[in-house]
Amino acid sequence: MPDIGVLLVEDERLLDRVVSDALRMLGLSCEVARSETEAIECLQRRRYNLMILDLRLQGGSGVKVLEQARRLYGDLPVILVTAYAFTEEVQ
């Protein structure tokens with residue numbers, strides 16, 4: 001299996017642990033960023049094959065992370081997640 005790099009952007013520690021462990025069990029390499037700033041630094045440092053992104057981050061914005069990812073890598077597949085009801089931000 002080729003090395004597939006996943007960036008998981010999630011500020012809830014339990015959830016990031018569950019998801020990153022599941023990805024690693026599937027044989028995927030996974031890096032976790034827990035803030036907007038950390039996620040943007042990761043994106044500037046390397047290209048990933050997939051980003052799993054929480055839209056609402058404490059002290060930051062998943063939307064800003066998504067905007068930066070699109071500027072750097074327009075074709076990066078992104079899975080957006082949120083625990084909040086459908087809002088204008090999600091739309």
Side-chain angles (χ1 to χ4, degrees):
M1 176 180 281
D3 184 34
I4 296 176
V6 178
L7 176 60
L8 172 62
V9 184
E10 175 59 63
D11 59 353
E12 294 293 330
R13 298 249 182 211
L14 179 59
L15 188 54
D16 82 43
R17 189 67 168 276
V18 169
V19 174
S20 63
D21 285 352
L23 291 168
R24 289 180 183 119
M25 285 180 63
L26 292 171
L28 305 175
S29 64
C30 179
E31 189 169 345
V32 177
R34 294 185 178 91
S35 70
E36 175 188 327
T37 302
E38 192 177 344
I40 291 171
E41 288 171 359
C42 289
L43 288 166
Q44 291 171 337
R45 194 169 49 246
R46 73 168 277 205
R47 180 179 177 90
Y48 296 88
N49 301 98
L50 172 67
M51 179 169 63
I52 302 173
L53 173 62
D54 186 355
L55 280 178
R56 296 230 176 142
L57 301 169
Q58 293 179 4
S61 168
V63 173
K64 289 182 182 175
V65 174
L66 180 59
E67 288 170 349
Q68 183 67 20
R70 288 292 175 241
R71 274 194 289 276
L72 292 169
Y73 315 105
D75 61 343
L76 174 66
V78 178
I79 298 172
L80 298 174
V81 296
T82 186
Y84 294 90
F86 190 77
T87 65
E88 192 173 305
E89 179 184 43
V90 173
Q91 188 176 15

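Just the heavy atoms: all of them, side chains too, but no hydrogens, waters or symmetry mates, feed the values below. All figures in this text were calculated on a predicted structure; none of them were measured in a lab. One-based numbering along the sequence shown.
More than 12 heavy-atom neighbours from other residues, nucleotides or ligands sit within 6.0 angstrom of CZ on Arg47. The environment of CZ in Arg17 is sparse: at most 12 heavy-atom neighbours from other residues, nucleotides or ligands sit within 6.0 Å.
The heavy-atom pair separating Gly62 from Leu53 by the smallest distance is O-CD2, 3.3 Å. Here the shortest heavy-atom pairing between Gly5 and Tyr48 reads O-CB, 3.6 Å. The shortest non-hydrogen separation linking Leu43 to Ala69 is CD1-CB, 3.8 Å.
Glu10 has its side chain out of reach of Val32: every pair of non-hydrogen atoms, C-beta onward, lies at least 4.5 Å apart. By the 4.5 Å heavy-atom criterion applied to side chains, Arg70 and Glu67 are not counted as neighbours. Within the 4.5 Å cutoff, the side chain of Gln58 has no heavy atoms near those of the Arg34 side chain. At a threshold of 4.5 Å between non-hydrogen side-chain atoms, the residues Ile52 and Leu23 count as touching. Looking only at side-chain heavy atoms (C-beta outward), Met51 and Tyr73 stay at 4.5 Å or farther from each other. Annotation: side chain of Glu36 is not in contact with side chain of Gln68 (no heavy-atom distance under 4.5 Å). Looking at heavy atoms from C-beta onward, Val9 lies out of side-chain contact with Asp54 at the 4.5 angstrom threshold.
We find the CG-CZ distance between Leu66 and Arg71 to be 10.0 Å, quoted to the nearest 0.5 Å. We find the OG-CG distance between Ser20 and Leu28 to be 11.5 Å, quoted to the nearest 0.5 Å.
Val18 and Leu50 fall into different hydrophobic clusters, where Ile, Leu, Val, Met, Phe, Trp and Tyr side chains are chained together by heavy-atom contacts under 4.5 Å. A chain of hydrophobic side-chain contacts below 4.5 Å, direct or via other Ile, Leu, Val, Met, Phe, Trp or Tyr residues, connects Leu57 to Leu80. In terms of hydrophobic clustering, with Ile, Leu, Val, Met, Phe, Trp and Tyr side chains grouped at heavy-atom distances under 4.5 Å, Val6 and Ile79 are assigned to a common cluster.
The main-chain N or O of Cys30 is found under 3.5 Å from a side-chain atom of Arg24 such that the two form a donor-acceptor pair.
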